[in-house]
Undergrad: 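Submitted below is the structure of interest, expressed as structure tokens.
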Amino acid sequence: MDTKSVSIENLSKCDGQSVKLQGWLYNKRGSKGLYFLLLRDGSGLVQCVVNQSEVEESAWRVAEEVTQESAIRIHGTVSQDDRQHGGYEVHVSDLEMISKSEDYPISPKEHGVDFLMNHRHLWLRSQQPWAVLRIRNRVIMAIHGFFQSQGFVQMDAPILTGTAVEGTSTLFEMDYFDTTAYLTQSGQLHGEAMAMAFGKIYTFGPTFRAEKSKTRRHLTEFWMIEPEMAFFDLEMNMDLAESMLQSIVKNVMELCESELAILQRDLEPLKMVSNPFPRITYDTAVELLQSRETAKMFDERQRNLEAELHSLDTEKEEKQKRWGQAKKGEKRRIDTRNNEIQKRTSEIDEELRNLPSWRESAQGFEWGSDFGGSDETVLTWHFDGPIIVHRFPHGFKAFYMKRDPEDDRLALGMDVLAPEGYGEIVGGGERATDLAFLEKQVKEHGLPPEAFRWYFDLRRYGSVPHSGYGLGLERTVAWICGLHHLREAIPFARTMDRLYP
Ligand code: 4AD
Ligand code: MG
């Protein structure tokens with residue numbers, strides 16, 4: 001048989017035809033004389049039906065022997081079946097083993113996330129990571145599409161640098177011949193140089209933070225997209241961030257419907273992204289945190305979570321009672337649901353434990369401090385979609401930020417906060433243009449002026465108003481996918497305690 005091989009995602013173009021498929025066994029069910037093989041080839045899943053009376057003895061033996069994640073080649077005829085994965089099914093005429101897999105460690109039963117992260121090199125083959133990382137791909141393409149269509153040029157900033165961008169406390173240091181180099185925290189400073197040469201640019205690259213924090217919002221290596229635009233003020237910068245995010249989310253909702261369905265993502269909050277993002281100043285945000293309204297929201301949240309916990313408990317007890325008499329199929333459904341309940345329960349437990357300290361932080365918030373992760377979460381409770389907070393006290397902001405001409409205590413920064421507790425996904429602002437001011441800032445921030453000599457040149461030779469921001473790719477993907485932790489938004493996460501696989 002010399003049929004050309006097709007990929008599963010293209011089966012809809014092959015209805016009624018005989019095809020060759022190559023991939024791995026995802027799952028297998030069988031009864032007398034009949035096997036249902038769920039094949040995955042990277043592009044999707046399809047059920048392949050093997051009927052003993054319709055195949056050679058050797059093919060039947062493969063169907064009997066094939067184990068989870070064995071590599072196989074299948075010949076068969078495609079037929080439409082709306083009940084199946086992807087709407088198609090393959091009736092097998094021949095089956096070959098390419099390579100048998102023994103004792104694949106990830107079974108369909110639920111594993112803990114630590115176990116799965118330790119087996120990330122294999123876990124990538126499962127449906128959930130597959131859906132997430134396909135969405136990541138879509139987000140990346142949407143970002144390029146958006147900027148390219150707006151006349152931006154993609155420019156790479158160096159990864160090895162001699163300058164700190166975002167403070168000195170999170171730098172990864174390394175020996176660089178006779179001097180010290182750092183892994184870049186942000187491509188921004190080089191982005192500014194490129195914007196003066198090309199007008200509107202964006203960088204897209206890995207960035208590094210030696211962050212000694214183990215929160216679910218931090219990676220030590222993450223990807224950042226940093227547009228930088230000459231002649232853009234803060235207002236234009238916010239407009240750009242808003243339309244970029246709208247374009248990304250729209251793209252994903254249009255082109256990743258099935259991936260979002262696999263993740264059981266609630267689409268309502270994503271639809272809200274098409275509305276204008278409310279823009280509030282830092283001052284207003286602080287008032288909001290301290291407000292009576294926020295206090296009420298805490299009470300309500302606590303009540304709702306407790307009620308949800310109670311109803312999950314009840315459901316679990318009922319399921320437990322039924323389990324004894326349940327048939328195999330129902331047992332499997334109960335197990336799956338129990339795992340979901342377990343996961344949600346521990347999320348609720350975690351939040352209930354956190355609420356008192358979140359409340360203290362929000363209600364006792366003092367003007368002049370930076371928002372913590374929980375403060376960002378609480379702020380977004382007040383809104384349905386993303387919001388933009390702007391004009392922060394300059395004390396906790398980077399040296400390069402322009403001061404607000406209306407109020408010298410403030411820097412012209414802006415952050416976009418994603419809803420549903422995801423917090424900051426974009427950080428940026430308008431840049432200082434005055435050489436003397438920047439020289440002073442570098443000194444006050446304890447940075448070595450020599451390292452910034454080249455950067456100061458940008459203010460010497462035709463300094464113009466300009467702005468930019470950084471979008472965290474993993475934060476964006478985690479939010480769009482509804483993931484609890486950033487580590488699942490990148491193929492191989494790097495955190496304080498993870499360098500493998
Ligand atoms: O707010 P940040 O630190 O801003 C900058 O680096 C600016 N120089 C960007 C610019 O104006 N060109 O980081 C920008 C974004 C954050 O909003 C967040 O989404 C992401 O980068 N980010 C992280 N993502 C994962 N892990 C971390 N440790 C991150 N730190 C920042
Ligand atoms: Mg920030």
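One is the number of the first residue; the rest follow in order along the sequence. This is a predicted model, so every value here is computed, not measured. Just follow the structure's listing: the first ligand is 1, and inside any ligand the first atom is 1.
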Undergrad: So which of Glu226, Gln154, His144 actually passes side chain to side chain donor-acceptor pair (under 3.5 Å) with Tyr202?
TA: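 It is His144; the other options fail the test.
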Undergrad: Quickly, which of Ile388, Val389, Val286 forms a side chain to side chain contact (heavy atoms under 4.5 Å, CB included) with Ile280? Name it, please.
TA: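 Going through the options one by one, the only one that passes is Val389.
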Undergrad: Examine the side chains of Ser107 and Gln68 and answer whether a donor and an acceptor come within less than 3.5 Å of each other.
TA: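 Short answer, no.
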Undergrad: Hey, which of Val139, Ile140, Val132 is the one that makes side chain to side chain contact (heavy atoms under 4.5 Å, CB included) with Arg136?
TA: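 Result: among Val139, Ile140, Val132, Ile140 is the only option passing the side chain to side chain contact (heavy atoms under 4.5 Å, CB included) with Arg136.
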Undergrad: Shortest non-hydrogen contact from Met229 to Lys200?
TA: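 Reported closest heavy-atom pair: CG-CG, 4.0 Å.
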Undergrad: Provide the tally of protein N/O/S atoms nearer than 2.8 Å to the Mg ion (ligand 2).
TA: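 My tally for this metal is 1.
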Undergrad: Tyr400 and side chain to side chain donor-acceptor pair (under 3.5 Å): which single residue from Glu430, Glu166, Gln441 fits?
TA: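 Single pass found, and it is Glu166.
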Undergrad: Which of parallel (below 30°), tilted (30 to 60°) and perpendicular (above 60°) describes Phe298 and Trp381?
TA: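 It falls in the perpendicular class, over 60°.
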Undergrad: Is the ring pair Trp454/His190 parallel, tilted or perpendicular, if the boundaries are 30 and 60 degrees?
TA: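 Rings of Trp454 and His190: parallel, under 30°.
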Undergrad: Please list, by chain and number, the protein residues whose heavy atoms come under 4.0 Å of ligand 1.
TA: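 For ligand 1, the residues that come within the 4.0 Å heavy-atom cutoff are Glu166, Ser186, Gln188, Arg209, Glu211, Arg217, His218, Leu219, Phe222, Met224, Glu226, Tyr400, Glu424, Ile425, Val426, Gly427, Gly428, Arg431, Gly468, Tyr469, Gly470, Gly472, Arg475, Leu486.
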Undergrad: Within 45 degrees of the axis of the six-membered ring of Trp130 and under 6.0 Å from its centre: does Arg40 put its NZ or CZ there?
TA: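 Relative to the ring axis of Trp130, which defines the angle, Arg40 lies outside at least one limit.
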